[in-house]
Amino acid sequence: MSFASQRRSTVSKNNKSATKQTHQITGRRRKPKQNGLGGLPLILRLTLIVLLCVIILTAAVLLRYFLQKCLLLSKNSPLNYSAVEKAKFYGLSQRKMNSGQGDASFWSNLSNATCDDQGAYEMLELGEIQRLQLPRAILIGVQKGGTTALFQYLDQHPSVERTKKELYFLDEDMDRLVGHAGTIPRKVARNLYHQKMRDGMVEARALEKQKNRHMHQLKQKLKQNGGAQLADSSLADNKQLRTRRLQQTDKLLPIVHGEENTQQKEDLDDGFSRSHHGPPPGDGQIKPIKKKTTPAALTTNKFVMDLTPNYMFHSDRVPNRIKCLVPWVRLLVLLRDPVARARSQYQMKLQMVLPKSHNSYGNPIPSLDEYIENDLNALEEVGVLKNWTEVDFESFWKSEECWKAWQTYIHKGLNAPVGMGLYALQLKPFLDVLVEIHHGSLELLASHGILSDYFLAIDSRDLQMETDKTYQEVLKFLRLPSFSLTEYARVNKASSKDHAQLKSKLSPAIQKRMQDAIAPYNRKLGDLLGEEWKDKWTSR
Ligand SMILES: Nc1ncnc2c1ncn2[C@@H]1O[C@H](COP(=O)(O)OS(=O)(=O)O)[C@@H](OP(=O)(O)O)[C@H]1O
């Protein structure tokens with residue numbers, strides 16, 4: 001050891017003993033070696049802190065997930081849009097999920113609104129469908145096709161659960177729900193559909209009670225007025241009373257088919273108020289769905305149906321929603337001569353605004369001719385109607401251009417008196433979806449009788465002329481026991497008010513223009529539904 005190092009070691013020893021002495025003097029001891037984070041290398045310490053943050057964050061997310069799930073799926077939860085948006089946050093179990101086979105149709109790509117996984121659907125057992133009170137059949141259309149009459153006939157069937165007509169769930173409600181977020185989880189959507197169905201049933205039961213109460217009061221009054229003979233068991237057959245009852249029912253009809261607010265729905269000025277078929281609210285428009293108070297339990301083993309004639313017109317989105325939410329349903333549609341249907345729609349709109357002669361934009365109410373012409377022009381403008389040769393129409397029909405033009409038209413939110421009569425255009429996506437669900441082609445399904453298991457089109461005229469026979473056909477299709485009514489009333493007729501405009505007829509020139517314009521689509525209906533539908537209305 002060199003002198004210098006010897007000196008360093010002596011100095012260090014001296015220093016150590018000096019420090020020891022100092023500690024003894026001050027009574028303080030040297031700090032023990034640190035055991036906590038302080039003793040760990042910096043990198044380890046940082047890793048631990050990051051891990052801790054991740055754990056805390058995960059716990060917060062999980063807590064939020066459970067809270068949301070409890071809130072959103074609880075029966076009494078407020079159905080508000082933001083909750084649904086938040087519901088996107090959690091994925092849902094995809095058990096029992098089948099992948100839809102076949103080509104994804106153009107419509108699935110366009111659809112702005114399905115559930116969590118486009119192209120996939122989930123079948124449920126009958127017991128489960130009943131438990132969830134989801135519909136087993138849907139009446140998809142058409143507006144002014146005699147749907148209120150059929151609704152009332154079905155409503156009287158002992159195996160059918162009373163419900164409210166026109167729920168607008170698969171179109172309007174779903175538009176609101178998905179309009180902003182793009183998709184919503186299937187489970188959430190089904191839960192909301194269930195709640196809507198249940199609300200409809202509760203409302204229908206309340207309405208029935210109200211009607212019964214009124215009948216009771218009427219009986220009492222008749223008794224007091226010496227009409228005792230009317231208040232006995234033969235009451236139901238009494239014409240006078242039946243008429244009164246129907247009048248009462250007519251008063252309640254706006255409630256039954258939810259038209260009480262239609263006049264407030266003024267939107268585009270194509271003559272009248274917009275009615276339940278506007279464009280889906282895109283661009284971040286969020287309207288909350290109104291919550292209705294429903295009793296905690298409403299159990300039924302009866303046949304549950306959704307009857308919303310406007311679904312047919314919203315053919316760009318409703319079929320996919322059906323596939324996604326209720327793929328087991330049977331679809332029923334009433335088709336009426338498009339010209340008569342358009343006229344009936346005009347009369348309905350007119351009744352809503354009469355006796356005013358101007359709409360809320362201050363513009364005069366159009367005549368029937370103007371009403372039809374305006375719509376013909378709108379359809380020509382977007383390219384849905386054109387003066388085609390048969391060959392040209394065939395290639396147009398198969399092109400995406402056709403469906404895009406139709407979608408542009410739907411999204412204009414017009415009254416669509418002519419557009420609603422283009423049945424082939426509207427039915428094609430519904431049939432496509434059935435083909436997808438039941439794996440095959442339209443021809444294959446038709447030849448095996450599978451299509452007729454799930455789809456039934458009825459001519460409104462048959463319902464009107466051969467009501468009982470047609471009613472039996474509907475019951476058979478729905479797999480309901482045969483049942484006949486003592487009377488098949490004609491309901492929801494255009495008013496017999498003495499107003500010239502209500503009585504107006506379409507001028508022959510405009511009628512011809514409409515018939516010629518829609519003829520190619522009428523012919524297509526034959527390809528879709530069978531020869532008997534080809535040129536059905538032009539031949540009459
Ligand atoms: N049993 C029967 N069969 C066929 N058609 C019938 C039946 N009963 C009523 N009607 C006529 O149907 C028209 C009303 O149709 P909707 O009830 O579907 O209208 S709505 O869309 O619910 O407003 C309406 O037509 P218009 O009178 O031409 O307006 C009713 O008269």
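Just follow the structure's listing: the first ligand is 1, and inside any ligand the first atom is 1.
A cation-pi geometry, defined here as NZ or CZ lying under 6.0 Å from the six-membered ring centre and within 45° of its normal, does not hold between R136 and F303.
For ligand 1 and A149, the ligand atoms under 4.0 Å from any heavy atom of the residue are 1 (N), 2 (C), 7 (C), 8 (N). Shown in contact with K493 at under 4.0 Å from a heavy atom are these atoms of ligand 1, numbered in order with element: 27 (O), 30 (C), 31 (O). Each of the following atoms of ligand 1 lies closer than 4.0 Å to a heavy atom of Q143: 21 (O). Short contacts between ligand 1 and T148, defined as distances under 4.0 Å to a heavy atom of the residue, involve ligand atoms 16 (P), 17 (O), 18 (O), 22 (O). For ligand 1 and S460, the ligand atoms under 4.0 Å from any heavy atom of the residue are 3 (N), 4 (C). The ligand atoms of ligand 1 that sit less than 4.0 angstrom from a heavy atom of K165 are 22 (O). Near L463, the atoms of ligand 1 lying under 4.0 angstrom from a non-hydrogen atom of the residue are 1 (N), 3 (N).
Residue Y153 touches ligand 1 through its side chain alone, judged by heavy-atom distances below 4.0 Å. Heavy atoms of L334 found under 4.0 angstrom from ligand 1: none, in either backbone or side chain.
With sequence neighbours excluded, the residues that form a ring-ring contact (aromatic ring centres under 6.0 Å, His included) with Y488 are Y153, Y471. Remark: W328 engages no residue in a ring-ring contact (aromatic ring centres under 6.0 Å, His included) (not counting sequence neighbours).
In this structure, Y193 and F169 have parallel ring planes: the angle between them is below the 30° cut-off, well short of the 60° mark.
Between the side chain of E370 and the backbone N or O of S367 there is at least one donor-acceptor pair closer than 3.5 Å.
The distance criterion of under 3.5 Å between nitrogen or oxygen atoms is met by R336 with respect to ligand 1. Checked by distance only, ligand 1 and M348 stay at 3.5 Å or farther apart across all their nitrogen or oxygen atoms. The distance criterion of under 3.5 Å between nitrogen or oxygen atoms is not met by P309 with respect to ligand 1.
Under the 6.0 Å cut-off for aromatic ring centres, Y521 and F393 qualify, their centroids lying closer than that.
For R513 and E373, the salt-bridge test passes: some basic side-chain N is under 4.0 Å from an acidic carboxylate O. Checked for salt-bridge contact, D175 and R317 meet the test: a charged N lies under 4.0 Å from a carboxylate O. Electrostatic pairing of E203 and R162 does not count as a salt bridge here, judged by no charged N lying under 4.0 Å from a carboxylate O.
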Carefully, step by step, assess V142 and F313 under the rule side-chain contact (heavy atoms from CB on, under 4.5 Å). CA-CA 8 Å; V142 297; F313 186 64; over 6 Å; no
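Of the candidates V142, T147, I458, T147 brings a heavy atom nearest to atom 18 (O) of ligand 1.
Ligand 1 is approached by E166 to a heavy-atom distance shorter than 4.0 Å. Ligand 1 is approached by V491 to a heavy-atom distance shorter than 4.0 Å.
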